[in-house]
Amino acid sequence: MRIAVVGPCSSGKSTIVERLRERGFDAYAVSQEHSIISRLWDHRSPDRLVYLHVDYEIVQQRRGPNWPRWIYDAQIERLRDASDHATIVLDTGKFGVDETVERIARAVGQPD
């Protein structure tokens, strides 16, 4: 099972993908937030799509207080299609890495 992981900058895509791979999942991050191609997430035909949400205030904590709001807002807009089609949406500002990975594993099932 192939799992695409999308989300705005500082949502934890790389960390979550790494942990999913350690558990045997075929997971990869999609830099959808940097692309105007609305279905970039679908180019590798994933079986499941994970959307990692994070509030702007958490992004500022992770990136620094000067991280521009307009960049965050643009990324959220670029991710709208992915959010609408996601198998699971998780707020990484509310859940730690371990809990996020566990929730994804439960939502998508065991790796092939």
Is any side-chain heavy atom of [Y] closer than 4.5 Å to one of [X]?
X	Y	answer
H43	L40	yes
Q75	Q32	no
V50	V6	no
K13	L52	yes
C9	R63	yes
I58	S10	no

Got a second to check how far [X]'s [atom1] is from [Y]'s [atom2], nearest 0.5 Å?
X	Y	atom1	atom2	value
W70	E77	CH2	CD	14.5 Å
I37	D81	CD1	CG	12.0 Å
L90	R103	CG	CZ	6.5 Å

Tell me the closest heavy-atom pair linking [X] and [Y], and the distance in Å.
X	Y	answer
Y56	W67	OH-O, 2.6 Å
A29	V17	N-CG2, 3.6 Å
E33	G7	OE1-O, 3.2 Å
V89	S83	CG2-O, 4.3 Å
S11	T92	O-OG1, 2.8 Å
W41	Y28	O-OH, 4.0 Å

Going hydrophobic residue to hydrophobic residue with side-chain gaps under 4.5 angstrom, can you get from [X] over to [Y]?
X	Y	answer
I76	V54	yes
V108	V30	no
Y51	I36	no
L79	V59	yes
M1	L49	no

With a 4.0 Å cut-off, would you call [X] and [Y] a salt bridge?
X	Y	result
D73	R69	yes
D26	R2	yes
E18	R21	no
K94	E99	no

Donor-acceptor under 3.5 Å (D91 side chain, G93 main chain): yes
G96 backbone acceptor or donor facing T100 side chain under 3.5 Å: yes
